[in-house]
Amino acid sequence: MLNLSERQAVTMHVTFNLKASFIPPFITINAPAETPELQHLATNISQLTNSQLIAGISPRGTRELVPVNQIIRIHTDAKHVVMETKATSYTLTQRIYQLKQLLPSDLFLQLSSGELGTV
């Protein structure tokens, strides 16, 4: 990636090209060349639009599906696996090693045997 002094101001234009035949919708990035910044943008768009869900038990005792991109960290606490978001914490039934295999490795890093954190 370029450091801040090397970056040029870039204006991103968003254009909708709507046609009934575009099912499912898709996103195209038009640029003179593929750059690390554009690849990062494509990865973020993909994660937002194709978000994986993890089931957890909320503090109210209800089962809820949480998008992976909302998870801040997953850790063990008193023999339970806990998933934290900005809003709340959830109890999980999976073990840390199972979640490590399930979650995208470009988003989560194993910090210890009992904790996964976002990159």
Side-chain angles (χ1 to χ4, degrees):
M1 277 187 118
L2 300 174
N3 66 39
L4 290 177
S5 62
E6 296 173 327
R7 290 185 183 193
Q8 297 177 359
V10 176
T11 302
M12 182 71 62
H13 298 279
V14 177
T15 304
F16 285 88
N17 181 12
L18 305 173
K19 291 184 184 177
S21 62
F22 291 156
I23 298 177
F26 61 92
I27 295 173
T28 303
I29 297 175
N30 299 296
E34 185 175 327
T35 64
E37 289 84 1
L38 289 175
Q39 186 57 48
H40 183 70
L41 175 64
T43 300
N44 286 340
I45 290 169
S46 180
Q47 289 168 355
L48 286 172
T49 59
N50 301 313
S51 186
Q52 183 180 5
L53 301 171
I54 300 290
I57 307 300
S58 75
R60 297 184 314 254
T62 59
R63 185 176 179 268
E64 296 182 20
L65 296 174
V66 178
V68 166
N69 60 4
Q70 291 183 9
I71 300 170
I72 296 170
R73 72 186 269 236
I74 298 171
H75 61 94
T76 55
D77 184 21
K79 298 191 179 185
H80 295 283
V81 177
V82 178
M83 172 177 64
E84 292 183 14
T85 67
K86 286 183 180 180
T88 192
S89 297
Y90 300 86
T91 303
L92 302 178
T93 58
Q94 301 98 324
R95 299 288 170 225
I96 295 286
Y97 75 90
Q98 294 170 318
L99 292 161
K100 182 182 178 204
Q101 294 172 346
L102 180 68
L103 295 168
S105 61
D106 60 332
L107 291 179
F108 292 88
L109 179 66
Q110 186 158 11
L111 302 173
S112 69
S113 61
E115 183 171 5
L116 298 171
T118 55
V119 176

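- Formation of a donor-acceptor pair under 3.5 Å by the Gln70 side chain with backbone atoms of Pro67 is not found in this model.
- With sequence neighbours excluded, the residues forming a side-chain contact (heavy atoms from CB on, under 4.5 Å) with Asn17 are Lys19, Phe22, listed by chain and number.
- Remark: Arg60 pairs with Glu64 by the salt bridge (Lys or Arg N to Asp or Glu O under 4.0 Å) rule, at least two apart or across chains.
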What pairs of donor and acceptor atoms, side-chain ones from residues 28-36 against any protein atom, are under 3.5 angstrom apart with sequence neighbours left out?
from  : atom 1 : to    : atom 2 : distance (Å)
Thr35 : OG1    : Leu38 : N      : 3.1

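- Once rounded to the nearest 0.5 Å, the distance linking CG of Asn69 with OG1 of Thr85 reads 11.0 Å.
- Nearest heavy atoms, Ser89 versus Pro59: O-CD, 3.3 Å.
- Residues passing the side-chain contact (heavy atoms from CB on, under 4.5 Å) test with Leu18 are Phe16, sequence neighbours excluded.
- What you find for Ala55 and Gln94 is that their closest heavy atoms are O-OE1, 4.3 Å.
- Here CD of Gln39 is found 10.0 Å from CG of Asn44. Values are rounded to the nearest 0.5 Å.
- In the hydrophobic clustering of ILVMFWY residues, with side-chain heavy atoms under 4.5 Å counting as a link, Leu65 and Ile57 come out apart.
- Leu99 belongs to a hydrophobic cluster with Ile54, Val66, Val68, Ile71, Ile74, Val81, Met83, Tyr90, Leu92, Ile96, Leu102, Leu103, Leu107, Phe108, Leu116, counting contacts under 4.5 Å between side-chain heavy atoms of Ile, Leu, Val, Met, Phe, Trp and Tyr, direct or through other members.
- Note on residues 76-87: pairs passing salt bridge (charged side-chain N to carboxylate O under 4.0 Å, His left out), not counting sequence neighbours, are Arg73-Glu84.
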